[in-house]
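Data block below; observations after.
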Amino acid sequence: MNFFIKNCSLDKEKTDCIVVGIFNFYQLSVSAKHLDKCSNGYIKNIIKLGDIKGEIGETLMLYNVPQIFSKRILLIGCGDKNNINILIFKKILKNTINILKKISVKNIICSLIDINISDQYNIYWLIRVTVLAIRENLYKIIKINKKDSNHLNLNLITLNILKENDFFIAQTSLKHALAIDRGISYAKNLSNLPPNICNPLYLSHQAQKIFKKYKKNITVDIIDFIEMKNLKMNAYLAVGDGAKNKPFMSVIKYSGNNIINKKVIALVGKGLTFDSGGISIKPSLNMDEMKYDMCGAAAVYGILIMAAELQLPLTIIGIIASCENMIGSNSFRPGDVLTTMSGRTVEVLNTDAEGRLVLSDALTYVERFSPNIVIDIATLTGACVTALGESVSGLFTNSEDLAKELNRASQQTDDKIWRLPLFLEYQKQLSSDIADLSNIGKGKAGAITAAFFLSYFTRKYNWAHLDIAGTAWKSGKNKGATGRPVELLSQFLLNQSNYTYS
Ligand code: BES
Ligand code: MN
Ligand code: ZN
């Protein structure tokens, strides 16, 4: 499917369908007005019949409109003209795609970016939001070993811009959106795979496959369990002990051509391809969803793909920390004391708190790159879902600057995060009488005590932890990975590259 940017004379475009907005009380958008004028008031007359009022959720397809070259015009209800926010705009795009998916249009012109959004979105953001929302609504889970049966007709979407002068910025926006979408779609596809296919070997070896295309800028190192033993990554290894599928950690180095920002930025992804809980086994209800316990790692891949596509002028280290938390005669146990790569000892009180064990060693390992910024991305705690729900990821950081930068990227993208504290008061919850730390916090605030645990291993750099347990995938009817927080961190990296248009 292709996107185009064009400054069209809408009436003269030979296309399958033009999409325009109308508002409450029969008001027309700029594009709808133009088409109405060219067709001698045809659209207004139809609206007067009362079949569409302009409310959100309403749509009306018109065929063979006089003087208009397009075969169809799709009217989309946009609600109150002066009260359209980003959420409503996304809903409007969703309604549009749902109609177009069902009919056999191949080429369409979307002229919805003339709707004024109250949040002061400029043309760069309007195009970006539009492209990403369209791609999001067209995404389909790939069925395993089945031919794609539900073929999509839609293959060309032209985005109409009202001012010729906006062409360059619109084009830049489209380029960014497509790169981000590649990252998101890649992360979703990888996350949606079943755990018998996407095991640690499969997950970590995707690195070589993906990055062949960008080999000028990317090198990949794969660390197997023998090397991990040499590195004394005992906490990471203990988690993988019960599984036949051995742990693997991929280390991906991306280095742009004309580095403008000398900071080394590392992204560390939790890549549990399945988390049964281990001996502290999880309940069976929805346990299948623990295949998504590698969504952090998938996001790291997605973000690197975006960076490589756009050739960002940065140095980025991606770590895919993968293993499987299973039950076997070799499994680690509650009561075990592990000596981490950092030398700190950890008493295991619950084998289901495995993510922090894997990450503690990965976060120590990353020190060798002398990173300025390290961001880990992990489906770490159910407690984070309890605290923030399913639309907001948890943010924890030891750096005010990083908090500011991540919040900025979050506001720009609407990929929501909320900072939770790492007050020293939480420290005592992690005490152990036999080791430096225990791997679960006594008492409440489980998302924070998990992050606090990680903070012991991240003292040498500016660090942020994103707990994406609630946001990485959806359960129920629309079960599937969301690709979050690829958009958030893509924007963070675009900002670090000074590629910001606002
Ligand atoms: N991967 C889970 C966290 C999780 C649970 C994410 C449910 C999304 C939905 C993690 O490894 C885990 O099991 N955490 C435990 C920690 C507890 C044992 C302290 C949890 O949250 O229950
Ligand atoms: Mn677990
Ligand atoms: Zn887990």
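Note that ligands are numbered from 1 as they come in the structure, with each ligand's atoms numbered from 1 the same way.
- Remark: ligand 1 and Glu354 share an N or O pair separated by less than 3.5 Å (distance only, no angle test).
- Those atoms of ligand 1 that come under 4.0 Å of a heavy atom in Thr381, given as number and element, are 3 (C), 21 (O).
- The aromatic rings of Tyr501 and Tyr124 lie parallel to each other, with less than 30° between the two planes, well short of the 60° mark.
- The ligand atoms of ligand 1 that sit less than 4.0 angstrom from a heavy atom of Asn350 are 18 (C).
- If you check the side chains of Ser280 and Thr351, you find a donor sitting under 3.5 Å from an acceptor.
- Within 6.0 Å of NZ on Lys232 lie no more than 12 heavy atoms contributed by other residues, nucleotides or ligands.
- Between Glu136 and Lys188 a salt bridge is recorded (basic side-chain N to carboxylate O distance below 4.0 Å).
- Looking only at atom types and distance, the side chain of Tyr202 has no donor-acceptor partner in the side chain of Asn196 under 3.5 Å away.
- Between Gln311 and Tyr214, the side chains place no donor N or O within less than 3.5 Å of an acceptor N or O (distance only, hydrogens not considered).
- The pair Glu367-Arg459 does not meet the salt-bridge criterion, since no charged nitrogen lies less than 4.0 angstrom from a carboxylate oxygen.
- Nearby protein atoms of type N, O or S around the Zn ion (ligand 3) amount to 4 (distance under 2.8 Å).
- Taking all heavy atoms of Ile440, Leu357, Asp275 into account, the minimum distance to atom 19 (C) of ligand 1 is reached by Ile440.
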### Query
Can Arg368 and Leu231 be said to form a side chain to side chain contact (heavy atoms under 4.5 Å, CB included), step by step?
CA-CA 12 Å; Arg368 67 188 51 214; Leu231 289 163; 3.4 Å; yes
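- Using a 4.0 Å cutoff on heavy atoms, Lys270 counts as a contact of ligand 1.
- Using modelled atom types, no side-chain atom of Ser410 and backbone atom of Leu406 make a donor-acceptor pair closer than 3.5 Å.
- Nearest protein heavy-atom contact of atom 1 (N) of ligand 1 is Asp293 OD1, 2.8 Å.
- The shortest contact between atom 7 (C) of ligand 1 and any protein heavy atom is with Met290 CE, 3.6 Å.
- Asp224 and Lys246 are not joined by a salt bridge, as no carboxylate oxygen comes within less than 4.0 angstrom of a charged side-chain nitrogen.
- Using cut-offs of 30° and 60° on the angle between ring planes, the pair Tyr301 and Phe211 is tilted.
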### Task
Carefully, step by step, assess Phe452 and Glu425 under the rule side chain to side chain contact (heavy atoms under 4.5 Å, CB included).
CA-CA 10 Å; Phe452 207 98; Glu425 276 77 352; over 6 Å; no
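- Surrounding NZ of Lys175 are at most 12 heavy atoms belonging to other residues, nucleotides or ligands under 6.0 Å away.
- For ligand 1, the atoms lying closer than 4.0 Å to a non-hydrogen atom of Ala469 are 6 (C), 8 (C).
- Looking at Leu380 against ligand 1, only its backbone comes within 4.0 Å, counting heavy atoms.
- Ion pairing of Asp293 with Lys270 is present here, as a side-chain N (NZ or NE/NH1/NH2) and a carboxylate O approach within less than 4.0 Å.
- Closest to atom 12 (C) of ligand 1 among all protein heavy atoms lies Asp352 O, 3.2 Å.
- Per-residue contacts place Thr379 under 4.0 angstrom from the following atoms of ligand 1 (heavy atoms of the residue considered): 1 (N), 2 (C), 3 (C).
- Contacts with ligand 1 closer than 4.0 Å are made by no heavy atom of Met294, backbone or side chain.
- Looking at Trp473 against ligand 1, only its side chain comes within 4.0 Å, counting heavy atoms.
- Taking the six-membered ring where the residue is Trp, His465 and Trp463 present parallel rings, their angle staying beneath 30° rather than reaching 60°.
- Side-chain contact, Gln412 with Arg128: no donor N or O sits under 3.5 Å from an acceptor N or O.
- Listed by chain and number, the protein atoms of type N/O/S under 2.8 Å from the Mn ion (ligand 2) are Asp275 OD2, Asp352 O, Asp352 OD1, Glu354 OE1; waters are omitted.
- Counting heavy atoms under 4.0 Å from ligand 1, residue Arg356 touches it through the side chain alone.
- Within a 6.0 Å radius of CZ in Arg344, other residues, nucleotides and ligands contribute more than 12 heavy atoms.
- Considering only non-hydrogen protein atoms, atom 20 (C) of ligand 1 sits nearest to Gly382 N, 3.8 Å.
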